[in-house]
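The residues of the chain are indexed from 1 along the displayed sequence.
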Amino acid sequence: MVHRDQSQIVGPFDYVVVGAGSAGCVLANRLSADPNNSVCLIEAGGRDDYIWIKIPIGYLYCMGNPRTDWCFETAKEPGLNGRSLAYPRGRVLGGCSSINGMIYMRGQARDYDLWRQMGNPGWAWDDVLPYFKKSEDMLAIEPGPHHGTGGEWRVESQRVSWEILDAFAEAANEAGLPLVDDFNSGDNEGVGYFHVNQRRGVRWNTARGFLRPAQERANLTVLTHAVAQRLVLEGRRAEGVVVEHDGAQKTIRSEGEVILASGAIGSPQLMQISGIGPGRLLQDHGIAVVHELEGVGENLQDHLQIRCVFKVQDVHTLNERSASLFGKIGIGLEYLFKQSGPMSMAPSQLGAFAKSDPARETPNLQYHVQALSLDKFGEPLHPFPAFTASVCNLRPESRGHVRIVSARCEEAPEIRPNYLSAEADRRVAADAIRLTRRIVAQPALQKYRPAEFKPGLEYQADDELARLAGDIATTIFHPIGTCKMGDDSKAVVDARLRVHGVERLRVADASVMPTITSGNTNSPTIMIAEKASDMILEEHG
């Protein structure tokens with residue numbers, strides 16, 4: 001099917017990359033490193049010059065802000081007792097790396113070995129570790145055999161500390177978790193402080209790390225405020241992308257490849273609008289089926305965090321420190337002169353990886369522990385001292401989808417993660433709350449007289465805890481899997497990330513993960529883009 005556009009023709013380029021987020025900035029850098037390659041990078045959002053992108057605590061002002069966020073929402077979720085969640089996705093240079101929690105996390109070696117066992121050669125831990133190291137600039141610890149220095153992806157220690165978090169770490173150790181200083185060696189079991197993507201207390205995103213050093217190259221064109229409308233397909237071959245840019249429709253032509261890097265929501269949406277996806281879905285919205293591919297938009301996975309809150313006494317938390325004018329002034333001055341303190345902190349400072357039951361082979365729970373508490377994201381902090389021990393199931397069995405609701409790219413798709421729809425996930429949720437209570441009951445925390453505020457100690461039975469998890473749980477913003485890699489009937493791309501049945505079209509972002517990694521997903525997405533770049537350059541000589 002050929003669309004004969006009357007729009008302005010731009011190009012041709014060797015490579016057209018759709019999405020200048022965590023993956024797209026990496027692809028643009030690596031593919032344009034050879035001056036013989038012409039590259040066009042397309043981004044729907046604007047420049048990353050907003051002050052709240054640079055200040056770490058500014059994620060509060062970036063999420064839900066149409067200047068930097070697509071402002072998606074999920075469908076109402078039965079597993080969350082009918083609630084719909086805000087679903088932030090970066091709409092700015094740097095994408096989600098410009099608005100996320102900045103935590104540097106790879107996951108477990110087991111995650112990638114499983115990908116290989118699922119029929120994806122070249123994706124085992126030993127295969128992907130060199131790509132993590134390639135872009136890494138590790139300053140938080142001594143590099144050693146698992147880490148690299150001098151790369152574009154800066155990793156530092158956090159510049160804030162809290163007595164209550166030190167006590168939680170000690171309590172977790174008393175409950176059986178080892179104290180660790182590195183979650184990224186392949187086995188992340190233990191408790192310790194997260195490393196973050198910052199440079200001296202300032203957020204470090206992929207736009208600064210990867211795109212900015214490449215932007216002066218004559219062979220790289222970056223279009224901002226360019227919204228992809230659809231792919232240009234000639235039969236089953238990708239020829240380019242139609243975008244809305246500067247008030248005009250433009251066709252960005254490619255003579256090599258079109259590479260989708262729009263993430264787990266944007267990439268399947270663009271494919272479906274363009275006629276690639278589940279045939280019935282496309283026909284229901286009046287879209288001609290160019291290539292039926294049932295898996296496009298399916299297999300959505302995400303990490304759901306259960307936010308357990310505990311009141312404490314005789315210890316400082318951010319709740320009371322930020323409540324007064326003098327406290328706010330002190331916080332601001334500390335950041336102004338030292339780039340440290342609460343304004344420099346990631347949303348979660350302390351982390352832990354544990355097993356919901358001893359029979360587990362590897363940790364299946366991740367804790368994000370914060371010296372603050374609130375009812376939900378965007379609302380004021382509680383007026384009493386408290387900490388939050390958020391815990392998420394790292395390997396949920398629930399599967400959801402991303403499906404267009406019309407043929408218009410401007411209309412957000414239906415995002416339905418189907419949280420807690422699997423019985424196993426509800427059981428893990430109850431076990432996670434019990435483990436959290438066991439950690440808090442340890443001697444190291446008892447001197448602060450912790451009192452469970454949410455969900456509440458009066459709830460003990462499995463069904464009660466699973467229902468309450470639906471009341472207090474929220475996404476931790478890790479959607480993946482909607483263009484999964486593999487060779488089964490629901491796979492969208494092969495092990496080299498080429499779309500099954502469509503020539504010159506590839507996907508290189510979090511959507512290709514067949515299963516979710518055991519931790520935050522931003523740095524694994526960067527690794528995927530690094531590996532994809534090598535494969536593309538290798539195939540094109």
Side-chain angles (χ1 to χ4, degrees), residues 76-86 162 164-165 167-169 171-172 174-175 177 191 303-320 323 347-348 350 352 354-357 364-393 396 398 419-476:
K76 292 182 178 180
E77 288 283 288
L80 302 185
N81 304 322
R83 291 188 298 134
S84 173
L85 301 181
W162 297 97
I164 189 65
L165 298 188
F168 188 96
E174 291 171 341
L177 290 180
V191 59
H303 288 145
L304 184 74
Q305 61 174 338
I306 304 169
R307 297 181 60 80
C308 301
V309 176
F310 298 85
K311 294 182 178 181
V312 289
Q313 300 179 39
D314 303 322
V315 67
H316 291 297
T317 71
L318 187 60
N319 287 10
E320 72 280 3
S348 304
L350 184 75
K355 299 173 183 177
S356 63
D357 66 77
N364 66 317
L365 299 178
Q366 179 180 8
Y367 281 88
H368 290 76
V369 193
Q370 308 142 349
L372 56 86
S373 66
L374 68 170
D375 285 333
K376 66 179 182 179
F377 181 81
E379 293 197 357
L381 300 182
H382 289 139
F384 46 78
F387 70 89
T388 301
S390 288
V391 57
C392 72
N393 178 358
S398 301
Y419 295 121
L420 299 175
S421 60
E423 176 59 33
D425 293 351
R426 293 192 292 274
R427 187 168 58 252
V428 169
D431 289 343
I433 293 172
R434 291 195 180 93
L435 176 59
T436 306
R437 289 170 172 171
R438 184 160 68 86
I439 292 171
V440 174
Q442 298 301 314
L445 275 169
Q446 288 309 297
K447 62 183 174 182
Y448 305 114
R449 288 172 281 177
E452 186 172 317
F453 180 63
K454 287 188 177 182
L457 277 173
E458 63 270 29
Y459 304 106
Q460 295 289 334
D462 278 6
D463 59 343
E464 289 179 327
L465 293 178
R467 177 177 56 81
L468 287 162
D471 286 336
I472 64 175
T474 186
T475 176
I476 208 163

_Is any side-chain heavy atom of R437 closer than 4.5 Å to one of L457?_
yes
_4.5 Å side-chain heavy-atom contact, V309 and T388_ = yes
*Closest approach of A371 and I164, non-hydrogen atoms and distance?*
CB-CG2, 3.8 Å
*For H382 and S373, which heavy atoms make the closest approach, and how far apart are they?*
ND1-OG, 2.7 Å
*What distance do D431 atom CG and T436 atom OG1 have between them, rounded to the nearest 0.5 Å?*
10.5 Å
*Is there a side-chain contact between P443 and E174, using heavy atoms and a 4.5 Å cut-off?*
yes
_Taking every non-hydrogen atom, the tightest pair across G79 and L420_ = O-CD1, 3.5 Å
*Atom CD in E77, atom OH in Y419: separation rounded to 0.5 Å?*
6.5 Å
*Within residues 456-474 or reaching into it, pairs that qualify as salt bridge (charged side-chain N to carboxylate O under 4.0 Å, His left out) - sequence neighbours excluded*: R434-D462
_For the backbone of A354 and the side chain of Q366, can you confirm whether one donor and one acceptor N or O come within less than 3.5 Å of each other?_
no
*Heavy-atom distance under 4.5 Å between the side chains of I433 and L468, does that happen here?*
no
*Is any side-chain heavy atom of R307 less than 4.5 Å from a side-chain heavy atom of K454?*
no
*Residues that A422 engages under side-chain contact (heavy atoms from CB on, under 4.5 Å), provided they are two or more places apart*: E397, S398, D425
_Derivation of the side chain to side chain contact (heavy atoms under 4.5 Å, CB included) call for K355 and N364_ = CA-CA 5 Å; K355 299 173 183 177; N364 66 317; 4.2 Å; yes
*Are F310 and L445 close enough that some pair of their side-chain heavy atoms sits under 4.5 Å apart?*
no
*If you take all heavy atoms of R83 and G470, which pair is closest and at what distance?*
NH2-O, 2.6 Å
_Using 30° and 60° as the class boundaries, would you call the ring planes of F168 and F387 parallel, tilted or perpendicular?_
perpendicular
*Closest heavy-atom pair and its distance - A171, I439*: CB-O, 3.4 Å
_In the structure I gave you, are the side-chain heavy atoms of L435 and Y367 within less than 4.5 Å of one another anywhere?_
yes
*Where P396 and H303 come nearest, the two heavy atoms and their spacing*: CD-CD2, 4.3 Å
*Rounded to the nearest 0.5 Å, how far apart are CG of L381 and CD of E320?*
10.0 Å
*Distance from N393 atom CG to I306 atom CD1, nearest 0.5 Å?*
8.0 Å
*Sort out for me which residue in V369, L365, L304 forms a side chain to side chain contact (heavy atoms under 4.5 Å, CB included) with V391.*
L365
*Should I476 and H368 count as side-chain neighbours, where that means a heavy-atom distance under 4.5 Å?*
yes
